[in-house]
Amino acid sequence: GGLVWRGCSAGCDTEDGTAGTLSDGNLNPGDKLEGSDAAADDPVHLKRRVGLFSGVALIVGTMIGSGIFVSPSGLLERTGSVGISFIIWMACGLLSLLGALAYAELGTMNTSSGAEYAYFMDAFGGPPAFLFSWVSTLVLKPSQMAIICLSFAKYAVEPFVSECEPPDALVKLVAVISIVMILAVNCYSVNLATNVQNIFTAAKLVAIAIIVCGGAYKLILGNTRHLQEPNFASSTATLGNIATAFYTGLWAYDGWNNLNYVTEEIKNPSRNLPLSIIIGIPLVTLCYALVNVSYLAVMSVSEMADSEAVAVTFGNRLLGPMAWLMPLAVTISTFGSANGTLFVAGRLCFAASREGHLLDILSYVHVRRFTPAPGLIFHSLIAVAMVLYGTIDSLIDFFSFTAWIFYGGAMVALIVMRYTKPHAPRPYKVPIIIPYIVLVVSSYLVVTPILDKPQWEYLYATAFILGGLLVYIPFVKWGYSLPFMDKITVFLQMVLEVVPTSTTFE
Ligand code: ARG
């Protein structure tokens with residue numbers, strides 16, 4: 001049969017509200033695209049293949065990435081006290097858990113993929129949902145990639161440089177190479193990307209286990225003195241400092257909402273989504289607590305605050321001839337996390353472009369490999385630019401500020417829908433106090449750094465978010481399109497060999 005191209009428009013949604021034209025996660029090479037066996041206008045559903053175990057793995061595998069290996073130093077530096085740092089680490093875990101529980105209500109109530117995007121659409125309509133997809137495609141997802149790949153690079157070059165701090169240009173170069181590698185994996189095949197994700201998740205848990213065992217060994221030997229000086233008094237923390245310390249800590253926990261991006265693929269989501277959250281996030285919190293204790297069992301507070309790469313310092317102190325294990329483990333962990341991040345970014349592109357909210361080309365898939373290549377390439381290009389012009393710390397602040405505006409927004413969506421859709425089925429209903437708590441904390445996180453230390457960056461970020469309206473009104477609302485856009489789309493389609501997802505082979 002020949003190739004029949006059908007453009008997808010908003011009309012693709014099926015009656016039960018689940019959009020039925022996308023198969024991103026299930027586009028395995030060799031699979032036929034959906035619709036091939038079914039009658040042309042049969043509602044087609046995504047395959048539900050994520051069970052409880054993979055659900056937990058998806059959460060844990062994304063959350064544990066670079067943060068626990070780079071953030072502890074930054075957090076100590078920002079608070080100046082072991083005690084306060086530890087409290088912040090635990091508070092970040094709690095906040096992530098509360099946020100995720102609220103997301104569990106949202107995700108079981110509206111089961112379409114895309115997380116915030118879908119909830120904003122439901123609660124507030126098109127423009128806020130558009131602004132989210134605009135910011136996440138252009139800023140959030142690429143900055144996540146950039147931060148993780150910079151951390152990857154930092155650890156990857158560590159064993160090969162003799163000076164204390166590896167040259168900046170080298171780190172950036174390696175970061176760019178890692179982005180290209182991850183892009184290649186994700187463009188090559190969806191199966192390869194999922195396998196990379198699984199193997200690397202297992203590897204990072206082994207790395208955590210090594211650190212925790214090493215720390216326990218030192219503690220048993222009686223090396224507890226650094227843990228006995230909580231230094232509450234010497235703390236340098238101001239309110240704004242604490243908020244940015246939270247940014248550093250929350251970065252390590254980011255990804256707690258990752259399962260919500262793929263709800264359409266979860267088996268029995270009303271049970272498995274909340275359950276994966278309740279198992280996954282406390283598990284990560286426990287790991288982080290133990291790792292922090294282990295670090296301090298091996299090095300002093302000032303050594304930890306000064307260390308460029310804590311996990312490497314840890315390895316050098318404790319593992320002797322096996323010290324190379326640590327940088328290796330961290331590169332594996334970060335590579336896996338970056339892989340998962342790019343993977344999810346592909347899905348977000350789909351969710352937004354099936355509503356006509358993104359350039360069509362970003363939702364197309366490769367004709368033979370069925371991977372969402374254009375969206376992935378686009379994300380990676382922006383991530384490369386961020387790697388070249390940013391630093392890990394500045395990117396983390398910038399990212400967290402923007403991300404928590406939207407996490408707070410999702411809480412507002414939940415609260416609003418309790419009033420506007422009181423009777424909608426809610427298989428999991430979160431105690432209403434929880435979204436209020438998260439909303440208050442997220443407002444604090446967004447507002448205090450601005451008041452404490454006004455920086456142009458925060459203004460730029462806000463202007464950028466609202467600037468999205470300048471794109472939304474003409475191009476989405478009025479449906480205006482640039483005259484040369486069709487030509488560019490066709491050109492890119494030929495170069496990249498990509499087609500719309502609603503393509504059927506008949
Ligand atoms: N928490 C991860 C880390 O420590 C970063 C996760 C990035 N966020 C995401 N949604 N993929 O590196």
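Remember, it's a predicted structure, so these values are computed and weren't measured experimentally. We count ligands from 1, going down the list as the structure has it; atoms in each ligand are counted the same way. Residue numbers start at 1 and run along the sequence shown.
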(request) Output the list of atoms in ligand 1 that are nearer than 4.0 Å to some heavy atom of K141, sorted by atom number. (result) 10 (N)
(request) Below 4.0 angstrom from a heavy atom of N258, which ligand 1 atoms are there? Numbered from 1 as shown, please. (result)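 So the answer, numbered in order with elements, is 10 (N).
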(request) Could you pull out, from S66, G255, S151, the option with a heavy atom nearest to atom 12 (O) of ligand 1? (result)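 Answer by nearest heavy atom: S66.
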(message) Please list the nearest protein heavy atom to atom 5 (C) of ligand 1 with its residue and the distance rounded to 0.1 Å.
(response) W251 CZ2, 3.6 Å
(request) Provide, to 0.1 Å, the distance between atom 8 (N) of ligand 1 and the closest protein heavy atom, together with that atom's residue and name. (result)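 For atom 8 (N) of ligand 1, the nearest protein heavy atom comes out as D254 OD2, 2.9 Å.
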(message) With no hydrogens and no angle check, just 3.5 Å: does a side-chain donor-acceptor pair link W251 and S66?
(response) yes
(message) For the residue pair N260 / E116, report whether a side-chain donor-acceptor contact shorter than 3.5 Å exists.
(response)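 Absent: no donor and acceptor within the cut-off.
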(request) State whether the side chain of S394 and the backbone N or O of G390 hold a donor-acceptor pair below 3.5 Å, judged by distance alone. (result) no
(message) Quick check against the 3.5 Å criterion: does T248 have a side-chain atom that pairs as donor or acceptor with the backbone of T244?
(response) yes
Per-residue contact class, [X] against ligand 1 - non-hydrogen pairs under 4.0 Å:
X    : answer
V344 : neither
Q144 : side chain
M145 : neither

(message) Centroid separation under 6.0 Å, is that true for the rings of Y407 and W256?
(response) yes
(request) May I ask you to check whether Y117 and F132 place their ring centres under 6.0 Å from each other? (result)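 Ring centroids of F132 and Y117 are no less than 6.0 Å from each other.
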Geometry only, no angles: is [X] polar-contacting ligand 1 at N/O separations under 3.5 Å?
X    : answer
N257 : no
T341 : yes
M63  : yes
G67  : yes
I148 : no

(message) On a heavy-atom basis, which atom in W89 and which in G249 lie closest, and how many Å separate them?
(response)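 Where W89 meets G249 most closely, the heavy atoms are CZ3-O, 4.3 Å.
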(request) Give the C-alpha distance, both sets of side-chain angles, the deciding distance and a yes or no for ring-ring contact (aromatic ring centres under 6.0 Å, His included) between F335 and F200. (result) CA-CA 8 Å; F335 193 86; F200 283 42; 5.5 Å; yes
(request) Using a strict cut-off of less than 4.0 Å between a Lys/Arg side-chain nitrogen and an Asp/Glu carboxylate oxygen, indicate whether D393 and K154 qualify as a salt bridge. (result) no
